[in-house]
Amino acid sequence: MDSLSSSFLSTSSPPYSTLSRQPPRPWSSPLTPSSPFRIRSVRIEENLQTIATTTKRSGQDRTKKPSPSSNNEKRITSSRAVDHSLPATILNAFDNIINDFIDPPLRDSIDPRRALSSNFFPVDELPPTDCEISEGALPSCLDGVYFRNGPNPQFLPRGPYHLFDGDGMLHAIRISKGKATLCSRYVKTYKYNIEKEAGFPIILNIFSGLHGLTASVARMAVTAGRFLAGQIDPSKGNGPANTSLAFFGNKLYALGETDLPYAIKLASDGDIITVGRQDFDGKLSMRMTAHPKVDPVTKEAFCFSYIPMPPLLLFFRFNENGEKQGNVPIFSMTSPTSFLHDLAITKKYAIFSEIQITMSPIAMISGGSLFSLDPERVPRVGVIPRYAKDESEMKWFEVPGWNTVHSINAWEEDGGYGGDGGNEHNIGGRFAGEPGFHPRVSGEDEYRSEKWNCIKAPSFNSKSRVTRVVKLDVSLSEVGQEECVVASRMFGPGCFGGEPFFVAKEPDNPDADEDDGYLISYVHNENTSESRFLVMDAKSPTLNIVCAVKLPRRVPYGFHGLFVRENDINKL
């Protein structure tokens, strides 16, 4: 989950009066409302597609250069044969009954007409396409590829839908010698491939498909029928790999917390290729975090798996060659409802946060929300040596009010708070985050595991939209100053971006200033339906735009991104 998606943890939303509280079957008629929808309170575009149920978007002709984006999207047409076998027909009929009568998408949080409005609407794949530089010039240090992951459903939903369930699509802008090329491709997961072959969605959506006992039982029965009919094999995966990316062991991975990592590589022309699902020689048999932490010095990646049975938490690492090491079971994490999304590392320790946000599949199946807030729980932080063989050295500390979802950085220092007073390695940490369901500070800086003061992050408005990017100096809070924002840039009226990623000018220079580099982000203008790639000077008090790249096609809002330098791309 990303900082944008954190807004979906809450089920409350402002009123929506234009569409009926009991809408017809999703996508069965043109969508033309212009009022805000309820989840993110954004304006629905005036000219959205006329969409037929379970219609698949056609592929893009690689020989043609895409035309510039406009408010009028093309009509979606079917381009694949659909499985008309008897088992598929029967199971699809049951699926339609569930979506039409048992559990239609009445709630705004899972209504696809709202969740996929405006720039959340899915786009086609895009082959490598030249981009136009509309302002300034691309810095020479930006020699590499910025990948951004996010949900982009292959098929338009015929029932309830949540953004967490959308098929992962990577939007990669490759920068070389002052020129830029954009490519957008699906992560070819098991889910994507079997649904593409079938011609319709068949994998059960976890976040939107299991709400209410009757609907949950019915959908699980259909899933069991698909398994018995040979349509699906759960052992081969069920996740969309739509959350983030990580580079370690000289390999690039697309990640999602409901499945194993998927290896990705780049063709010589900049095209994105999915290598396949990775179990690391059979050593990784279950899902893992979408936010591994890579030590910039040792090149090791530290990860965890969180499972609904003891031991709930498995801590492990990959060595510098990308080889998975043994699991360290953590039995002292005892609550199966704990929402554990991220970890942090220092040079000697790994740190886990057990917060007040909980995640209960049973509550969701019973008709409640998957996510909730437990005000009686006292948050705590667990600290364990990075190379521990078991959890005997792990220590937990209660930290009231600590509710961080994403960690940006952590380090060790003498006299720091949160460590064991009797331990010669007193540990202090500084994590950026804000309690509650709407964390407003979550950036995509290059992780350092050593002390720093400068954080670059998105800033949200009251509707959980990223309206600007800010630079924070957290050292100011140490001297009693509440306002830590030292630089900021608004994206402009109707313009919304994503989490910025910081790219250092001199990554190998240990004496370089923390903010000596550039902030990069995709930004979409909802008034013109055009997307741009922005490069901002991180040292500037106003985060001056150094370069603006007009993209050949809009880039939908997404989750996390990663900049991979050209010398690392060549290792894939």
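In this text, all values refer to a predicted model and were calculated from it rather than measured experimentally. Atom set for the values below is all heavy atoms of this structure, side chains included, hydrogens, waters and symmetry mates excluded.
- No salt bridge links Glu514 with Lys505; every basic N to acidic carboxylate O contact stays at or beyond 4.0 Å.
- Of all non-hydrogen atoms in Ala344 and Ala410, the two that sit nearest each other are CB-CB, 3.9 Å.
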Steps toward side chain to side chain contact (heavy atoms under 4.5 Å, CB included) verdict (Tyr306, Met333):
CA-CA 10 Å; Tyr306 195 70; Met333 174 79 75; 3.8 Å; yes
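- No more than 12 heavy atoms of other residues, nucleotides or ligands sit less than 6.0 Å from atom NZ of Lys251.
- Between His291 and His406, the angle of the ring planes goes over 60°, which puts this pair in the perpendicular group of the 30/60° scheme.
- There is no side-chain donor-acceptor pair under 3.5 Å between Tyr190 and Glu195.
- Stacking of Lys283 on the aromatic ring of Phe280 is not recorded, the 6.0 Å distance cut-off and the 45° axial limit not both being met.
- Taking the six-membered ring where the residue is Trp, the centroids of Phe563 and Phe502 are separated by 6.0 Å or more.
- If you check the side chains of Glu499 and His560, you find a donor sitting under 3.5 Å from an acceptor.
- Between Lys179 and Leu138 the shortest side-chain heavy-atom distance does not fall below 4.5 Å.
- Between Asp295 and Arg386 a salt bridge is recorded (basic side-chain N to carboxylate O distance below 4.0 Å).
- Annotation: side-chain hydrogen bond (donor to acceptor under 3.5 Å, both in side chains) contacts of Asp516 (sequence neighbours excluded): none.
- Contact annotation: the side chain of Asp271 never approaches that of Leu266 to less than 4.5 Å [non-hydrogen atoms, C-beta and beyond].
- Figure legend: cation-pi geometry between Lys299 and Phe248 absent, as NZ or CZ is not positioned both under 6.0 Å from the six-membered ring centre and within 45° of its axis.
- With Ser184 contributing its side chain and His171 its backbone, the two residues share no donor-acceptor pair below 3.5 Å.
- Side-chain atoms of Asp259 never come within 3.5 Å of backbone atoms of Ala241 as a donor-acceptor pair (strictly under, hydrogens ignored).
- Between Asp143 and Arg565 there is no salt bridge, since no side-chain nitrogen of the basic residue lies less than 4.0 Å from a carboxylate oxygen of the acidic one.
- Between the side chain of Asn152 and the main chain of Gly166, no donor-acceptor pair closer than 3.5 Å is present.
- Using a cut-off of 4.0 Å between Lys/Arg side-chain N and Asp/Glu carboxylate O, Lys571 and Asp568 are scored as salt-bridged.
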